[in-house]
**Q** 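Encoded as structure tokens, here's the structure I'll be asking about.
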Number of protein chains: 2
Amino acid sequence: MRKLKDSRRPEILDAALAVAAERGLDGVSMRAVAQHLDLTPMALYGYFRSKDELLDAVLGRLLAEIPPPPADLGWREVVEHLANGLRAVAVRHPSALPLLFTRPAVSPAGVRIVDMVYQALLTAGVPKAEVPRLERMLSTFVIGHVSSETNGRFGTGSLDSLARRAQLPPEQLPGLQALADQLGAPVDWTQEFRIDLRDLCDLVEHLVSSAA
Amino acid sequence: MRKLKDSRRPEILDAALAVAAERGLDGVSMRAVAQHLDLTPMALYGYFRSKDELLDAVLGRLLAEIPPPPADLGWREVVEHLANGLRAVAVRHPSALPLLFTRPAVSPAGVRIVDMVYQALLTAGVPKAEVPRLERMLSTFVIGHVSSETNGRFGTGSLDSLARRAQLPPEQLPGLQALADQLGAPVDWTQEFRIDLRDLCDLVEHLVSSAA
DNA sequence: ACCTGAACACCGTTCAAGT
DNA sequence: ACCTGAACACCGTTCAAGT
């Protein structure tokens with residue numbers, strides 16, 4: 001377990017994000033990152049033990065970009081501030097986003113964010129035993145929504161195109177058929193994100209009042 | 001745009017899942033899948049235009065494994081049936097799971113599931129304009145939870161270990177400190193999944209009654 | 001109709017060596 | 001302390017050919 005240098009770690013993470021932006025996350029190879037810095041691939045192994053560790057560090061850098069909420073916010077505003085902060089990171093670094101769901105956030109920034117959400121839920125009056133579960137529910141939603149938006153899981157399409165994909169005639173898809181008008185319409189994901197988050201905070205409030 | 005064969009497609013998907021189970025999703029290479037079938041890598045290109053298309057088809061096969069709900073269920077039971085069905089697939093094929101969040105579900109099975117959830121929400125009395133949003137919220141939660149569980153994003157740890165990771169003394173993590181007792185405890189993810197889903201269905205019901 | 005073989009332009013990582 | 005060079009065991013994919 002050799003000791004690692006850290007002098008140029010930030011530079012390397014920037015390079016990795018730059019490569020991700022240019023050629024996609026799959027294009028982030030040790031070779032490509034090294035080339036971006038005019039280094040040999042092997043030079044990177046002085047700073048990270050493996051490509052996996054490098055990617056963990058990239059994720060940590062992304063979470064560290066979320067600005068801490070001002071001290072005087074109410075609990076809902078704290079949750080919204082952090083959620084919007086993560087979404088803004090996603091918008092800045094869309095191609096790096098799959099990292100969020102494919103690896104545990106073990107970075108300092110990740111732990112601090114969890115701590116802030118715990119504080120928010122406690123001041124909301126959530127019973128201690130329920131706090132971790134609700135934090136997981138909220139973070140799952142936030143990461144999942146942002147992730148789905150970005151990689152196109154929320155694909156919209158007309159009834160006909162969906163029916164073709166389902167290899168079924170529209171009559172056998174009554175749910176889709178009933179909503180044929182909505183299906184083609186463009187969606188404002190920013191607004192949907194806010195509304196969902198409001199609903200989830202309402203849910204938290206409802207749990208508090210029914211527990212009291 | 002050559003025409004593709006489909007005689008041996010199911011065999012190939014089985015082989016891909018077998019390779020994923022043995023060597024992880026990263027181990028699913030065209031070469032490895034081919035070898036599993038005693039074929040040359042190039043033989044696969046008669047059935048799929050690229051590795052990406054093969055992985056899309058694997059995702060389709062996973063969703064097709066979810067059993068259709070019995071016809072006489074209420075809307076909550078339909079949602080729960082499908083959610084638990086997806087979770088069961090995840091348990092059977094843990095290493096294939098990242099596919100769910102990293103690519104759009106454009107398969108027949110995916111579209112049919114969306115249709116069933118739309119029907120369920122409509123019979124619940126959800127206004128048409130809200131149905132697609134709530135379907136996205138539910139599916140985001142379900143996929144996100146299962147995905148987080150499986151890849152360890154829901155990592156638990158003691159206050160001390162988390163503080164070390166945050167590179168902060170415990171006193172500067174008041175949220176975590178207040179919940180020190182809960183933090184080490186093991187969690188029953190199956191139960192948490194059910195409770196979250198119940199809460200989300202309650203949310204749907206609440207939206208229906210406040211819209212009326 | 002179905003499959004193979006050779007080749008191209010890539011990977012992550014180890015090891016020994018250089019300044 | 002920091003970096004390089006050669007090598008190993010891999011990738012996805014194209015193209016031309018074989019039965």
Side-chain angles (χ1 to χ4, degrees), chain A residues 1-61 95-96 98-99 102-104 106 151, chain B residues 1-61 95-96 98-99 102-104 106 151:
Chain A
M1 191 93 160
R2 281 177 40 262
K3 255 283 285 281
L4 297 171
K5 294 163 267 188
D6 40 48
S7 46
R8 302 184 69 183
R9 282 172 66 111
E11 257 180 280
I12 298 173
L13 300 181
D14 286 340
L17 284 170
V19 172
E22 281 166 29
R23 341 207 318 206
L25 193 57
D26 288 346
V28 179
S29 65
M30 297 303 266
R31 287 165 149 93
V33 173
Q35 200 182 36
H36 201 93
L37 296 162
D38 279 314
L39 287 175
T40 303
M42 281 316 300
L44 303 180
Y45 288 84
Y47 298 89
F48 302 94
R49 251 175 291 267
S50 66
K51 182 184 178 184
D52 237 55
E53 258 192 26
L54 193 160
L55 291 177
D56 280 338
V58 170
L59 174 53
R61 229 216 70 157
S95 51
L99 294 174
T102 52
R103 51 212 322 124
V106 295
N151 65 26
Chain B
M1 192 93 158
R2 283 178 37 262
K3 255 281 287 276
L4 296 172
K5 292 162 267 186
D6 41 45
S7 47
R8 302 184 69 183
R9 282 173 64 110
E11 256 181 280
I12 297 173
L13 299 181
D14 285 341
L17 284 170
V19 172
E22 279 165 29
R23 342 208 313 207
L25 193 56
D26 289 345
V28 179
S29 64
M30 298 302 265
R31 288 165 149 92
V33 173
Q35 200 182 36
H36 201 93
L37 296 162
D38 279 313
L39 288 175
T40 302
M42 281 317 301
L44 303 180
Y45 287 84
Y47 299 90
F48 302 95
R49 251 175 291 268
S50 65
K51 182 184 177 183
D52 237 55
E53 256 193 26
L54 192 161
L55 291 178
D56 280 339
V58 170
L59 174 53
R61 228 217 72 158
S95 51
L99 294 175
T102 52
R103 51 211 324 123
V106 295
N151 64 28

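Reckoned from all heavy atoms, side chains included, excluding hydrogens, waters and symmetry mates. Numbers restart at 1 for each chain; the letters A, B, ... are given by sequence-line order, proteins then strands.
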**Q** Between B/Leu13 and B/Phe48, is the side-chain contact (heavy atoms from CB on, under 4.5 Å) condition met? List the steps.
**A** CA-CA 11 Å; B/Leu13 299 181; B/Phe48 302 95; 3.8 Å; yes
**Q** Does the protein touch nucleotides 10-17 of chain D at the base, only the backbone, or not at all? Give it as B, S and - per nucleotide, heavy atoms under 4.0 Å.
**A** -BBBBB--
**Q** Measure across A/Leu99 and A/Leu59 and return the closest heavy-atom pair with its distance rounded to 0.1 Å.
**A**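 That would be O-CD2, 3.9 Å.
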**Q** What integer distance in Å separates A/Arg8:CZ from D/dA1:P?
**A**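 Rounding to the nearest Å, CZ of A/Arg8 and P of D/dA1 are 17 Å apart.
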**Q** What are the two closest non-hydrogen atoms of A/Pro10 and A/Ser7, and how far apart are they?
**A**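 Closest pair (atom of A/Pro10, atom of A/Ser7, distance): CD-O, 3.9 Å.
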**Q** Could you tell me the separation between the CZ atom of A/Phe48 and the P atom of D/dC2, rounded to a whole number of Å?
**A**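 For the pair A/Phe48 CZ and D/dC2 P, the rounded distance is 14 Å.
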**Q** Ignoring hydrogens, what is the shortest heavy-atom contact between B/Leu25 and B/Ala96? Give both atom names and the distance.
**A**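 Result for this residue pair: CD1-CA, 4.3 Å.
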**Q** Taking the C1' atom of each, how far is C/dA16 from D/dC2, in whole Å?
**A**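 Rounded to whole Å, the distance is 15 Å.
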**Q** Mind listing the closest non-hydrogen atom pair of A/Gly24 and A/Ser95 along with its distance?
**A**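 Taking A/Gly24 first and A/Ser95 second, the nearest heavy atoms are CA-CB, 4.3 Å.
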**Q** Please enumerate all residues that pass side-chain contact (heavy atoms from CB on, under 4.5 Å) together with A/Thr40, with sequence neighbours excluded.
**A**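 For A/Thr40, the residues satisfying side-chain contact (heavy atoms from CB on, under 4.5 Å) (neighbours in sequence not counted) are A/Met42.
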**Q** Take B/Leu39 and B/Glu11 through the test side-chain contact (heavy atoms from CB on, under 4.5 Å) and record every step on the way to the result.
**A** CA-CA 12 Å; B/Leu39 288 175; B/Glu11 256 181 280; over 6 Å; no
**Q** Please report the distance, rounded to the nearest Å, between CD in B/Gln35 and C1' in C/dC3.
**A**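 The answer, rounded to whole Å, is 17 Å.
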**Q** Would you say CD of B/Gln35 has more than 12 non-hydrogen atoms from neighbouring residues, nucleotides or ligands within 6.0 angstrom?
**A**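 Count not over threshold, so no.
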**Q** For DNA chain C, produce a single dot-bracket line, 5' to 3'. Pairs: Watson-Crick or G-U wobble, both distances under 3.5 Å. Symbols: ( ) within strand, [ ] crossing, | other strand, . unpaired.
**A** ||.|||||...|||||.||
**Q** Can you measure A/Leu37 atom CG to D/dT4 atom C1' for me and round it to whole angstrom units?
**A**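 That distance rounds to 15 Å.
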